[in-house]
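Order of listing sets the numbers, starting from 1, for every ligand and every atom in it. Count residues from 1 along the sequence. Basis for what follows: all heavy atoms, side chains included, without hydrogens, waters or symmetry-related copies.
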Amino acid sequence: MKKNSDARWDDFDPESYFKHNYDELRYDDRFILRTVRDYFAKAVPPGRLRGVDVGTGSNLYPALALLPWCDQLTLVDHSARNIAWLEKEVKKYGPAWDVYWDELVRAAPWREVDSPRDRLAKISQIRQGNVFDLPRAQWEIGTMFFVACSLSTDHNEFKRAVHSFLNALRPGAPFAMAYMENSEGYEVNGHPYPAVPIGVDDVHLALTERDAYDIKIDRINSNHLRAGYTGMMVAVGRTGDPD
Ligand SMILES: C[S@@+](CC[C@H](N)C(=O)[O-])C[C@H]1O[C@@H](n2cnc3c(N)ncnc32)[C@H](O)[C@@H]1O
């Protein structure tokens, strides 16, 4: 078994991860982006919220999905290299993210954001941190993509990561999470990283154990570009009241 603390997160190569996964918008990420866009557009009333994306890595599309609502957006990651990449990238994000934004601006809340580059640079706070040590009830909207499933081989750590993320949001906060389905682990520039094989039932159980509600979970078949998993899952909903 490989625990989260066993993996070499500071060796995680953000540039290689970005090139492999996000340099081009694939249909599975497009599906996830549309699902999150449509849920947030329906579920979140206009307002100025404090948002968080946990385990951001070198993926900015969850942050872009949060942009219309947030006047503060905290991006948390464990890896020093990912933090350095984020510090640079959010100052003026690269053109690869425009195609992701083009999917979002099909819905009204994103169309009202004048300049997403400037806005992301203005509202982002980048923090090196640990999903297992997040403060409780801190944020009012949140995302966590491909983190709980992809930080260890330990099923308990998967659940603890989901619960810790949900606990970090205020009761009733809308959230979106993405997961690999049945992942056997992954490599980033030759370094192995652990994953836990989970499916829709595991995600549903982890969410309901913390009384999340309004839950919708969709799965997408793997496009076979990357071996070692059977698909992706996207879950949206609202956090329950822990008390
Ligand atoms: C598979 S990557 C996902 C990155 C990105 N969110 C995405 O959608 O592609 C897993 C991420 O989780 C981060 N991570 C691993 N352990 C963590 C922990 N204990 N707390 C916070 N982030 C962690 C890694 O640094 C990495 O950025």
What residue and atom, counting heavy atoms only, is the protein's closest point to [atom], and at what distance?
atom                    : result
atom 11 (C) of ligand 1 : Gly55 O, 3.8 Å
atom 8 (O) of ligand 1  : Asn59 ND2, 2.9 Å
atom 17 (C) of ligand 1 : His78 CB, 3.5 Å
atom 21 (C) of ligand 1 : Val131 N, 3.5 Å
atom 5 (C) of ligand 1  : Thr56 O, 3.1 Å

Go through it in stages, so that I can follow the logic: the residues are Arg30 and Asp28, the test is salt bridge (Lys or Arg N to Asp or Glu O under 4.0 Å), and I'd like the CA-CA distance, side-chain angles, deciding distance and then a yes or no. CA-CA 5 Å; Arg30 189 189 302 274; Asp28 37 22; over 6 Å; no

Member of Tyr100, Trp110, Trp101 meeting the ring-ring contact (aromatic ring centres under 6.0 Å, His included) criterion with Tyr61: Tyr100

Answer with yes or no whether the side chains of His163 and Glu209 bring together a donor and an acceptor at under 3.5 Å.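 A donor-acceptor contact under 3.5 Å links the two side chains.
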
Could you check whether any heavy atom of Ala7 sits closer than 4.0 Å to an atom of ligand 1, since that is the contact criterion I want to use? no

Answer with yes or no whether Tyr186 contacts ligand 1, where contact means a heavy atom under 4.0 Å from a ligand atom. yes

With heavy-atom distances below 4.0 Å as the criterion, list the atoms of ligand 1 near [X].
X      : value
Asn130 : 18 (C), 19 (N), 20 (N)
Gly57  : 27 (O)
Tyr22  : 7 (C), 8 (O), 9 (O)
Asn82  : 25 (O), 26 (C), 27 (O)
Gly129 : 20 (N), 21 (C)

Going by the closest heavy atom to atom 25 (O) of ligand 1, which one wins out of Thr143, Asp77, Ile83? Asp77

Judged on heavy-atom distance to atom 10 (C) of ligand 1, which of Phe146, Phe165, Phe145 sits nearest?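 Comparing heavy atoms across Phe146, Phe165, Phe145, the nearest one to atom 10 (C) of ligand 1 lies in Phe146.
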
Structural part of [X] in contact with ligand 1, heavy atom criterion under 4.0 angstrom:
X      : answer
Asp53  : neither
Tyr193 : neither
Asn4   : side chain

Tell me, do [X] and [Y] make a side-chain contact under 4.5 Å, heavy atoms counted?
X      : Y      : value
Asp214 : Arg238 : yes
Lys42  : Arg37  : no
Phe165 : Leu169 : yes

Going by an N to O cut-off under 4.0 Å, is there a salt bridge joining Lys3 and Asp6? no

What do you reckon, are the aromatic ring centroids of Tyr179 and Phe145 less than 6.0 Å apart? no

Measure the acute angle between the ring planes of Trp97 and Phe18, then classify it against the limits of 30° and 60° as parallel, tilted or perpendicular. tilted

For the residue pair Tyr22 and Tyr17, does the interplanar ring angle fall in the parallel (under 30°), tilted (30 to 60°) or perpendicular (over 60°) class?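 Geometry flag for Tyr17 against Tyr22: perpendicular rings.
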
Sub-3.5 Å N/O-N/O distance, [X] and ligand 1:
X     : result
Tyr17 : yes
Val54 : no
Ser58 : no

Atom of Arg117, atom of Lys92 and distance for their closest heavy-atom approach: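 For Arg117 versus Lys92, the nearest heavy atoms are CD-CG, 3.9 Å.
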
Donor-acceptor pairs under 3.5 Å, side chain of residues 191-205 to any protein atom, not counting sequence neighbours: which ones?
from: Tyr193; atom 1: OH; to: Arg8; atom 2: O; distance (Å): 2.9
from: Tyr193; atom 1: OH; to: Phe12; atom 2: N; distance (Å): 3.0
from: Asp202; atom 1: OD2; to: Gly199; atom 2: N; distance (Å): 2.8

